[in-house]
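The structure presented is a predicted model; accordingly, all values stated were derived computationally and were not measured.
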Amino acid sequence: MTSASAIPPGFHGTAAAAGIDLAGRTALVTGAGSGIGRACALALAGAGARVHVVDVDAAAAASVAASTGGRAHVVDLAQAAPVGELPAEVDILVNNAGLQHVAPLTDFPPDRFELLQRVMVHAPFLLLSRTLPYMYARGWGRVVNISSVHGLRASAYKAGYVTAKHALEGLSKVAAVEGAPHGVTSNCVSPGYVRTPLVERQIAAQAAAHGLDADRVVSEVMLGRSAVKRLIEPEEVAAVVLWLCGPHTGHLTGSSLPLDGGWTAT
(Lines give C-alpha, C1' and ligand atoms only; values in the text may rest on other atoms or scores of the structure.)
Protein backbone atom coordinates (compact mmCIF):
# COMPACT_ATOMS: atom_id res chain seq x y z
CA MET A 1 0.00 0.00 0.00
CA THR A 2 2.03 2.95 -1.28
CA SER A 3 0.10 5.64 0.58
CA ALA A 4 0.64 3.78 3.86
CA SER A 5 4.41 3.34 3.65
CA ALA A 6 6.40 2.23 6.67
CA ILE A 7 8.49 4.27 9.10
CA PRO A 8 10.58 6.78 7.13
CA PRO A 9 14.37 6.43 6.87
CA GLY A 10 16.20 8.06 9.76
CA PHE A 11 13.58 7.24 12.38
CA HIS A 12 15.08 5.91 15.60
CA GLY A 13 12.50 5.05 18.22
CA THR A 14 14.70 3.07 20.58
CA ALA A 15 15.21 3.93 24.22
CA ALA A 16 18.96 4.15 23.66
CA ALA A 17 18.49 6.68 20.88
CA ALA A 18 16.20 8.71 23.13
CA GLY A 19 18.59 8.53 26.09
CA ILE A 20 15.85 7.25 28.41
CA ASP A 21 16.52 4.85 31.29
CA LEU A 22 13.47 3.45 33.06
CA ALA A 23 15.27 0.80 35.10
CA GLY A 24 13.45 0.33 38.39
CA ARG A 25 10.19 1.68 37.00
CA THR A 26 7.02 -0.35 36.48
CA ALA A 27 4.59 0.34 33.64
CA LEU A 28 1.07 -0.83 32.93
CA VAL A 29 -0.17 -0.69 29.34
CA THR A 30 -3.75 -1.49 28.36
CA GLY A 31 -4.63 -2.93 24.99
CA ALA A 32 -1.00 -4.06 24.87
CA GLY A 33 -1.58 -7.20 22.82
CA SER A 34 -1.29 -5.47 19.45
CA GLY A 35 -0.94 -2.17 17.64
CA ILE A 36 0.00 0.93 19.61
CA GLY A 37 -0.19 -0.84 22.96
CA ARG A 38 2.22 -3.55 21.88
CA ALA A 39 4.64 -0.96 20.52
CA CYS A 40 4.45 0.98 23.81
CA ALA A 41 5.08 -2.15 25.87
CA LEU A 42 8.13 -3.00 23.77
CA ALA A 43 9.49 0.56 23.92
CA LEU A 44 9.07 0.85 27.69
CA ALA A 45 10.59 -2.57 28.28
CA GLY A 46 13.45 -1.63 25.98
CA ALA A 47 14.15 1.33 28.29
CA GLY A 48 14.33 -0.99 31.28
CA ALA A 49 10.81 -0.82 32.71
CA ARG A 50 8.96 -3.86 34.00
CA VAL A 51 5.74 -3.98 32.01
CA HIS A 52 2.29 -5.25 32.93
CA VAL A 53 0.67 -6.25 29.63
CA VAL A 54 -3.12 -5.88 29.79
CA ASP A 55 -5.33 -7.19 27.00
CA VAL A 56 -8.59 -9.03 26.49
CA ASP A 57 -6.82 -11.45 24.10
CA ALA A 58 -4.99 -14.02 26.22
CA ALA A 59 -2.69 -15.27 23.47
CA ALA A 60 -1.70 -11.76 22.39
CA ALA A 61 -1.05 -10.66 25.98
CA ALA A 62 1.10 -13.73 26.63
CA SER A 63 3.10 -13.17 23.45
CA VAL A 64 3.89 -9.54 24.28
CA ALA A 65 4.68 -10.41 27.90
CA ALA A 66 7.14 -13.03 26.67
CA SER A 67 8.75 -10.51 24.33
CA THR A 68 9.12 -7.89 27.05
CA GLY A 69 9.87 -10.08 30.06
CA GLY A 70 6.70 -8.63 31.57
CA ARG A 71 3.53 -10.05 33.05
CA ALA A 72 0.32 -10.70 31.14
CA HIS A 73 -3.10 -9.78 32.55
CA VAL A 74 -6.16 -10.97 30.64
CA VAL A 75 -8.85 -8.42 31.45
CA ASP A 76 -12.04 -7.17 29.82
CA LEU A 77 -11.81 -3.46 30.57
CA ALA A 78 -15.55 -3.08 30.08
CA GLN A 79 -15.98 -4.86 33.43
CA ALA A 80 -15.13 -2.82 36.53
CA ALA A 81 -14.38 -5.71 38.90
CA PRO A 82 -11.34 -7.19 37.10
CA VAL A 83 -9.94 -3.69 36.47
CA GLY A 84 -9.90 -3.27 40.24
CA GLU A 85 -7.65 -6.31 40.52
CA LEU A 86 -4.88 -4.98 38.30
CA PRO A 87 -1.60 -3.91 39.93
CA ALA A 88 -1.69 -0.60 41.78
CA GLU A 89 2.10 -0.26 42.22
CA VAL A 90 2.71 1.37 38.87
CA ASP A 91 5.00 4.29 37.97
CA ILE A 92 3.82 4.63 34.36
CA LEU A 93 0.23 4.16 33.22
CA VAL A 94 -0.55 4.01 29.51
CA ASN A 95 -4.30 4.03 28.84
CA ASN A 96 -4.42 2.73 25.28
CA ALA A 97 -7.20 0.16 24.89
CA GLY A 98 -9.97 1.14 22.53
CA LEU A 99 -12.51 0.00 19.99
CA GLN A 100 -14.58 1.56 17.25
CA HIS A 101 -18.13 1.50 15.94
CA VAL A 102 -19.28 3.45 12.88
CA ALA A 103 -22.95 4.41 12.46
CA PRO A 104 -25.10 7.54 12.13
CA LEU A 105 -26.26 9.06 15.40
CA THR A 106 -29.83 8.10 14.55
CA ASP A 107 -28.83 4.45 14.23
CA PHE A 108 -26.02 4.22 16.80
CA PRO A 109 -26.78 1.30 19.15
CA PRO A 110 -27.00 2.62 22.73
CA ASP A 111 -25.33 -0.48 24.15
CA ARG A 112 -22.41 -0.04 21.77
CA PHE A 113 -22.09 3.64 22.70
CA GLU A 114 -22.01 2.67 26.38
CA LEU A 115 -19.40 -0.03 25.73
CA LEU A 116 -17.02 2.47 24.15
CA GLN A 117 -17.36 4.78 27.15
CA ARG A 118 -16.70 1.92 29.59
CA VAL A 119 -13.53 0.81 27.85
CA MET A 120 -12.09 4.21 26.89
CA VAL A 121 -13.27 6.47 29.75
CA HIS A 122 -14.46 4.49 32.77
CA ALA A 123 -11.56 2.01 32.75
CA PRO A 124 -8.92 4.79 32.54
CA PHE A 125 -10.71 6.56 35.42
CA LEU A 126 -10.63 3.39 37.52
CA LEU A 127 -6.98 2.79 36.71
CA LEU A 128 -6.04 6.36 37.62
CA SER A 129 -7.89 6.03 40.92
CA ARG A 130 -6.00 2.81 41.57
CA THR A 131 -2.47 3.81 40.54
CA LEU A 132 -2.14 7.50 41.42
CA PRO A 133 -1.73 6.95 45.19
CA TYR A 134 1.39 4.87 44.54
CA MET A 135 2.79 7.50 42.16
CA TYR A 136 2.04 10.24 44.70
CA ALA A 137 3.82 8.31 47.44
CA ARG A 138 6.89 7.89 45.22
CA GLY A 139 6.89 11.54 44.13
CA TRP A 140 7.06 10.58 40.45
CA GLY A 141 4.66 9.24 37.86
CA ARG A 142 3.77 9.38 34.20
CA VAL A 143 0.26 8.99 32.84
CA VAL A 144 0.01 8.79 29.06
CA ASN A 145 -3.45 8.52 27.55
CA ILE A 146 -3.59 7.38 23.94
CA SER A 147 -6.29 9.65 22.66
CA SER A 148 -6.81 10.47 18.99
CA VAL A 149 -7.20 13.36 16.62
CA HIS A 150 -10.86 12.51 17.27
CA GLY A 151 -10.32 13.73 20.82
CA LEU A 152 -9.73 17.15 19.26
CA ARG A 153 -11.87 17.03 16.11
CA ALA A 154 -15.10 15.30 15.16
CA SER A 155 -15.97 13.04 12.26
CA ALA A 156 -19.40 11.90 11.20
CA TYR A 157 -20.67 8.47 12.20
CA LYS A 158 -18.25 8.07 15.13
CA ALA A 159 -20.34 9.40 18.02
CA GLY A 160 -19.15 6.78 20.50
CA TYR A 161 -15.45 7.07 19.69
CA VAL A 162 -15.36 10.87 19.41
CA THR A 163 -17.26 11.27 22.68
CA ALA A 164 -14.96 8.84 24.50
CA LYS A 165 -11.77 10.44 23.24
CA HIS A 166 -12.97 13.95 24.11
CA ALA A 167 -13.78 12.68 27.61
CA LEU A 168 -10.36 11.04 27.91
CA GLU A 169 -8.72 14.37 27.04
CA GLY A 170 -10.64 16.03 29.88
CA LEU A 171 -9.85 13.26 32.35
CA SER A 172 -6.17 13.57 31.47
CA LYS A 173 -6.19 17.30 32.23
CA VAL A 174 -7.77 16.75 35.64
CA ALA A 175 -5.12 14.14 36.43
CA ALA A 176 -2.46 16.65 35.37
CA VAL A 177 -3.78 19.38 37.67
CA GLU A 178 -4.16 17.05 40.64
CA GLY A 179 -0.91 15.20 40.02
CA ALA A 180 1.35 18.22 39.59
CA PRO A 181 2.11 18.75 43.31
CA HIS A 182 3.17 15.08 43.51
CA GLY A 183 5.57 14.96 40.57
CA VAL A 184 3.05 13.20 38.33
CA THR A 185 2.41 14.33 34.76
CA SER A 186 -0.56 13.40 32.60
CA ASN A 187 -0.70 13.94 28.86
CA CYS A 188 -2.53 12.70 25.80
CA VAL A 189 -0.92 11.51 22.61
CA SER A 190 -3.49 12.14 19.90
CA PRO A 191 -2.58 10.44 16.63
CA GLY A 192 -4.37 10.39 13.33
CA TYR A 193 -4.81 7.08 11.56
CA VAL A 194 -2.26 4.53 12.79
CA ARG A 195 -1.51 1.23 11.12
CA THR A 196 -3.25 -1.00 13.67
CA PRO A 197 -5.63 -3.97 13.39
CA LEU A 198 -8.51 -1.60 14.22
CA VAL A 199 -7.63 0.73 11.32
CA GLU A 200 -6.92 -2.14 8.93
CA ARG A 201 -10.46 -3.38 9.57
CA GLN A 202 -11.79 0.13 8.90
CA ILE A 203 -9.88 0.24 5.61
CA ALA A 204 -11.44 -3.04 4.51
CA ALA A 205 -14.93 -1.88 5.53
CA GLN A 206 -14.56 1.47 3.78
CA ALA A 207 -13.21 -0.20 0.64
CA ALA A 208 -16.28 -2.41 0.50
CA ALA A 209 -18.67 0.46 1.27
CA HIS A 210 -17.22 2.88 -1.30
CA GLY A 211 -16.15 0.40 -3.96
CA LEU A 212 -12.54 1.60 -3.74
CA ASP A 213 -9.26 -0.23 -3.45
CA ALA A 214 -7.42 -0.04 -0.13
CA ASP A 215 -4.85 2.52 -1.32
CA ARG A 216 -7.57 4.96 -2.36
CA VAL A 217 -9.42 4.50 0.94
CA VAL A 218 -6.26 5.47 2.81
CA SER A 219 -5.30 8.43 0.61
CA GLU A 220 -8.75 9.83 -0.20
CA VAL A 221 -10.97 8.87 2.73
CA MET A 222 -8.73 8.51 5.78
CA LEU A 223 -5.92 10.91 4.95
CA GLY A 224 -7.97 13.49 3.10
CA ARG A 225 -7.47 16.02 5.94
CA SER A 226 -3.86 15.09 6.69
CA ALA A 227 -0.91 16.94 5.17
CA VAL A 228 1.30 13.85 5.53
CA LYS A 229 -0.14 11.21 3.23
CA ARG A 230 0.78 8.00 5.00
CA LEU A 231 -0.46 6.00 7.93
CA ILE A 232 1.37 6.50 11.22
CA GLU A 233 3.30 3.50 12.45
CA PRO A 234 2.66 2.22 16.01
CA GLU A 235 6.36 2.60 16.78
CA GLU A 236 6.17 6.32 16.05
CA VAL A 237 3.42 6.73 18.65
CA ALA A 238 5.37 4.59 21.12
CA ALA A 239 8.44 6.81 20.66
CA VAL A 240 6.41 9.84 21.80
CA VAL A 241 5.04 7.88 24.76
CA LEU A 242 8.58 6.88 25.74
CA TRP A 243 9.79 10.48 25.42
CA LEU A 244 7.01 11.64 27.77
CA CYS A 245 8.42 9.22 30.36
CA GLY A 246 11.93 10.61 30.00
CA PRO A 247 13.97 13.09 32.04
CA HIS A 248 13.10 16.30 30.20
CA THR A 249 9.30 16.37 30.34
CA GLY A 250 8.55 17.21 33.96
CA HIS A 251 6.91 20.49 32.97
CA LEU A 252 4.93 19.00 30.09
CA THR A 253 1.57 18.11 31.60
CA GLY A 254 -2.09 18.61 30.81
CA SER A 255 -1.26 18.68 27.13
CA SER A 256 -2.40 16.85 24.04
CA LEU A 257 0.27 16.10 21.45
CA PRO A 258 -1.45 15.81 18.04
CA LEU A 259 0.61 13.26 16.15
CA ASP A 260 -1.68 13.74 13.20
CA GLY A 261 0.35 14.62 10.13
CA GLY A 262 -0.97 18.17 10.15
CA TRP A 263 -4.69 17.25 10.34
CA THR A 264 -5.45 19.75 13.11
CA ALA A 265 -3.40 22.46 11.39
CA THR A 266 -5.72 22.59 8.39
Trp263 and Tyr193 aromatic ring geometry - parallel, tilted or perpendicular at 30°/60° bounds: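 Rings of Tyr193 and Trp263: parallel, as their planes differ by under 30°.
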Of all heavy-atom pairs between [X] and [Y], which one has the smallest distance, and what is that distance?
X      : Y      : answer
Ala97  : Met120 : O-CG, 3.6 Å
Leu168 : Cys188 : O-SG, 4.2 Å
Asp57  : Ala59  : OD1-N, 3.1 Å
Ala159 : Leu105 : CB-CD2, 3.5 Å
Leu223 : Leu231 : CD1-N, 4.0 Å
Gln100 : Val102 : CG-CG2, 4.0 Å

If we ignore hydrogens and angles and just use 3.5 Å, is the side chain of [X] paired with the main-chain N or O of [Y] as donor and acceptor?
X      : Y      : value
Thr253 : Ser186 : yes
Glu169 : Lys165 : no
Asn96  : Gly31  : yes
Ser226 : Gly261 : yes
Arg130 : Gly84  : yes
Thr163 : Gly160 : no

Are [X] and [Y] connected in the hydrophobic side-chain network, where two residues link if heavy atoms are under 4.5 Å apart?
X      : Y      : value
Val144 : Val237 : yes
Val189 : Leu99  : no
Val199 : Leu116 : no
Phe125 : Val94  : no
Val240 : Ile92  : yes

Close side-chain approach of Leu42 to Val51, heavy-atom, < 4.5 Å: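 No, too far: nothing below the 4.5 Å cut-off.
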Under the salt bridge (charged side-chain N to carboxylate O under 4.0 Å, His left out) test, residues paired with Glu114 that sit two or more places apart: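 Per chain and number, Glu114 pairs via salt bridge (charged side-chain N to carboxylate O under 4.0 Å, His left out) with Arg118.
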Partners meeting salt bridge (charged side-chain N to carboxylate O under 4.0 Å, His left out) with Arg71 (sequence neighbours left out):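 For Arg71 there are no salt bridge (charged side-chain N to carboxylate O under 4.0 Å, His left out) partners, ignoring immediate neighbours.
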Within the 6.0 Å centroid threshold, strictly below: His101 and Phe108: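 Here the rings of Phe108 and His101 have centres that are less than 6.0 Å from each other.
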Option from Leu171, Leu127, Ile146, Leu77 for which side chain to side chain contact (heavy atoms under 4.5 Å, CB included) with Asn95 holds: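 Among Leu171, Leu127, Ile146, Leu77, the one that satisfies the side chain to side chain contact (heavy atoms under 4.5 Å, CB included) with Asn95 is Leu127.
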With Ile232, the side chain to side chain contact (heavy atoms under 4.5 Å, CB included) member among Leu259, Asp260, Thr196, Ile36: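 Running side chain to side chain contact (heavy atoms under 4.5 Å, CB included) over Leu259, Asp260, Thr196, Ile36 with Ile232 returns exactly one hit, Leu259.
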Which distance, rounded to the nearest 0.5 Å, do you find between the [atom1] of [X] and the [atom2] of [Y]?
X      : Y      : atom1 : atom2 : answer
Leu244 : Asn145 : CG    : CG    : 10.5 Å
Leu126 : Thr131 : CG    : OG1   : 10.5 Å
Arg225 : Thr264 : CZ    : OG1   : 11.0 Å
Ser147 : His150 : OG    : NE2   : 10.5 Å
His73  : Asp55  : NE2   : CG    : 12.0 Å
Glu89  : Leu28  : CD    : CG    : 12.5 Å

Test log, rule side chain to side chain contact (heavy atoms under 4.5 Å, CB included), inputs Val143 and Ser172: CA-CA 8 Å; Val143 177; Ser172 181; 5.7 Å; no
Stepwise side chain to side chain contact (heavy atoms under 4.5 Å, CB included) check, Leu22 with Leu44: CA-CA 7 Å; Leu22 297 177; Leu44 293 166; 3.7 Å; yes
Chi angles and distances behind the side chain to side chain contact (heavy atoms under 4.5 Å, CB included) call for Leu128, Leu93: CA-CA 8 Å; Leu128 282 166; Leu93 173 63; 4.0 Å; yes
Note: Asp91-Arg138 ion pair, threshold 4.0 Å (strictly below):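 Salt bridge present between Asp91 and Arg138.
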Sidechain N-carboxylate O distance under 4.0 Å for Arg230, Glu236: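 Salt bridge: yes.
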Verdict with reasoning, Ser190 to Ser148, per side chain to side chain donor-acceptor pair (under 3.5 Å): CA-CA 4 Å; Ser190 303; Ser148 165; over 6 Å; no
side-chain hydrogen bond (donor to acceptor under 3.5 Å, both in side chains) partners of residues 26-42, not counting sequence neighbours, each pair once: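 Listed once each, the pairs would be none.
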Neighbour count >12 (heavy atoms, 6.0 Å) for atom OH, Tyr136: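 Atom OH in Tyr136 is packed in, count exceeds 12.
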